[in-house]
Amino acid sequence: MLGTTELTKLIHRPLTELEEGLDGYMHGRSALYMFSKTRRESEVPLWAQRNMSSLYRVSLARKGLDLAEAVDDPRGVPESRRSPEWRELCALIDAWDDLPRWRQVSLARALMIMSYHRLALDLTEKLSRSLDPMDEWDAQLMLANGQCRVVLHFEAAGRRTAYDPKPLSQIVARTPTASFARFKALNHLIMLYAQLVQDEAAAAEHAAAMADCARALAEQHKGTAVEHLLMSNLYRVTSMVPFMRQDRAGVAAEMAEAEAHAAAAVEADPDEFLATENLYSLCETRTREAIWIGDLDRAEEAAKRLIRLTPLDSKAWIELGEALYKHGKLEAAARAYITATWLGPPGLDIAYLMAGQCYGALGEDDLAKHYLMASFAHDDEEPSAAEALRDISESTGDDLVTGWLEALQTGTEARQ
Amino acid sequence: MTHGSEVAPTPTVESPMLGARLNGIYFTLHPGPRMPLHAYRCEFGYRAMTQGDLRQFNIQRIMPPSFRTNLCTYARLPEYNVANAEDLPDALQSDRWRELAERVRRFRGLNRTDQATTAYLLGALGFYDEVRRLTDPDGIDPSASEADAKLAYYAVGARYVLFLEGNGDYSSEKLRAIAERAPPGTRIRIDAALYLLVQAARQFNDLAAVEHWAQFARAEIDAIAGELTPFEQDILISRYNRAASFEPYMKGDVAKVTAMMDEGEERAKRAPAGCREEEIVRLENLHPLLESRSKEAIWKGRPDLAEQWLSEAIAADPYDPKPRIELGELLLSLQRLEEALASYHHAIRLGPPGLPIAYFMAGHCYEQLGRPHLAADFYTSALSIDPDGISPAERLQLLSPKLSGEFDILGPVSERIESWVTERLQDAA
């Protein structure tokens, strides 16, 4: 359970101190990479793709890391506990109004990857009226603002309410074809239309626009890693359209293109972090794709490939757990989920929940209850663990746990 | 069994852990609808403090100082892990807690009775360091009054439990003074004598002292027997027999141990409780007696009886993990691994005290069952509650290379775990 707090601390150091952590955690590397971008103007405004919940820091605190003061704002860390890099970050935030546009963009991106979405939204919001989408850096700030809105909206609403895509649509409508901001705005809109709104026609329309945009940008960066990164990203995202049509062959073809370009990007520039990170994202998507197609051997292999790239990333172990679970390899799946819990967020509640589900399916009721209670302890607002725990406690006649859950649910314990 | 169906509403403890609910009184000073018997020490202590009554119902079990810290860690409520009761942030203080904090602030100006009851409650809640800070056994004359003797007893008792966890010094001389010099006819003389008896047996293996204090306590009980109700007599003699059976035990006299424990058990069971509080006192006295009987049975090579007595102890105090851990140990010694595991799992669900042991032993069972991944997980859980635990760290160190065998890709994780526990063990050394 919490025993590996020290391990979690070391792994997540890039996100809590902006210092090197243990090698093997992609998100930590992404945070350091993005912070480095605040120091020097990027020629190409492409950013780390990895996305993280704005609740990620809350999750780290629940794992036992002492970040109470810095959950919402890095400046909450007392001066005496700030690393030199953290001080630099705080100074940049304080100086926001005076920063050049490129630096504002890099800082907003760094904050977003560190799960300070609210702060990034507040900072970019101050500029919203003065931004010109025809300028790449201004458009990037509009994009950061729009993305923060998406993240915060869905986390607040629990993905049950419609999202207004207008801020992102405005970027698409008002930016030139060969704009990186436009490219990423289209990326996010396709995901929204495919996963949330489930509007196939809108997703397809935006996919076509994204292809035009990608080709125009790729033309400007021909023969470089950037060209392949753009194309890999394009195919990975546009595979959502055949996915919506349940066209398995279409998805596989798009993903094969995405993978070929991902490999080509690494080959073109092996030192380019974004190429490595893109390969990681691609492996993640390929795992899910294989699960969806039902090729569970391939899913398992893809998840293992992901772990080899980033062995200390809990999310990668959760992917493996899912592949094994779907394959009916319940004991092995449970072990993968438990490994995820040793490494810390993200996904701790899911990892515990799924370990509990695996053991429940195996008829190991004590272990099932143990991990379901751990999941509940980690996130007591997520109802899945409590529901599963209630089922298993009732079926095993465990009045202690059943009574406790009832008391929690109804709030009547005090009146009993 | 549900204790306390008539109690007042309990302020909510914001913890997602089952054991935090059961032990909610340690956070709020309000009893919950279900709680382990040791928690009634806080409830009765609160009543004694507010009623200025030194002779409130007594709960014998004294929780170790680490209990409070472990409970707060386990419950994810570090804000409650304060050094002094009055340091608890205002927003977290219940009405009852505020009363206690107020008395602590005025401690020096309180009369002896109020000082004694306040010290008792502080100790019950685990604030032994605070009792030590507030009291000076050298400055209290136990012969002055029963209240002085009780305050001296709680002052010495706090120092003793801290000493047991390696925190500070302890001398039994002060306790001896209470036993010998407290006003004649007061029960605190018996409490001190029995405490000295148990210390002499457990800590110092001093048979002469055990004999002396057994004789002393018996004489004191006989002297006040006429003033006791049948319930009080049964409980007191039951307590006496359990403690004094150390004497024949140390002499290897099996028959005498059995006879004393038989009488102790009989009296503990038959004590005619006249109210709910007396029933709690009866069960709380029965619980350790049954645990002692199970040890006696193991000593006599009768694991079947040990199991029976531990099952009775569990029935007497279903929300206390301790007898479940002891049952697990017994079943493990009988190679009934799966049943032992079930007992440890139940103990884990109940929370502290003994949680690191329950986790560690469950890990040990899984290791024995050839499930290293689960073993490693339970060892890490033990370390999460007790970061200084050596045994789980050592087991984890030995186990981590074996984890890689489960998945060929686990190597980097198991290497990290191994280096983490190795560093931890080096620091501890």
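In what follows, every chain begins at residue 1, and chains take the letters A, B, ... in the order their sequences are listed. Side chains included, hydrogens not; waters and symmetry mates left out as well; all remaining heavy atoms used.
At a threshold of 4.0 Å, the pair A:Glu259-A:Arg305 counts as salt-bridged, since one of the basic side-chain nitrogens sits closer than that to a carboxylate oxygen. Look at A:Arg286 and A:Glu301 and you find no salt bridge, because none of the NZ, NE, NH1 or NH2 atoms lies under 4.0 Å from a carboxylate O.
Each of A:Asp399, A:Leu405, A:Ile338, A:Asp23 has some count of heavy-atom pairs under 4.5 Å with chain B, and the biggest count is that of A:Ile338.
Counting heavy atoms of neighbouring residues, nucleotides and ligands inside a 6.0 Å radius, atom CD1 of A:Ile392 exceeds 12 of them.
In this structure, the portions of B:Ala376 lying under 4.5 Å from any heavy atom of chain A include both its backbone and its side chain. Only the side chain of B:Tyr366 comes within contact range of chain A, judged by heavy atoms closer than 4.5 Å. Looking at B:Ile348, the atoms closer than 4.5 Å to chain A (heavy atoms on both sides) all sit in the side chain, from C-beta outward. Residue contact with chain B, scored on non-hydrogen atoms closer than 4.5 Å, involves the side chain of A:Asp398 exclusively. In this structure, chain A has no heavy atom under 4.5 Å from any part of B:Ile385. Proximity to chain B (any heavy atom under 4.5 Å) is shown, for A:Leu367, by both the backbone and the side chain.
Remark: A:Leu320 CG to A:Arg335 CZ distance equals 10.5 Å, nearest 0.5 Å.
Using a 4.5 Å heavy-atom cutoff, the side chains of A:His370 and A:Tyr359 are not in contact. Looking at heavy atoms from C-beta onward, B:Leu383 lies in side-chain contact with B:Leu396 at the 4.5 angstrom threshold.
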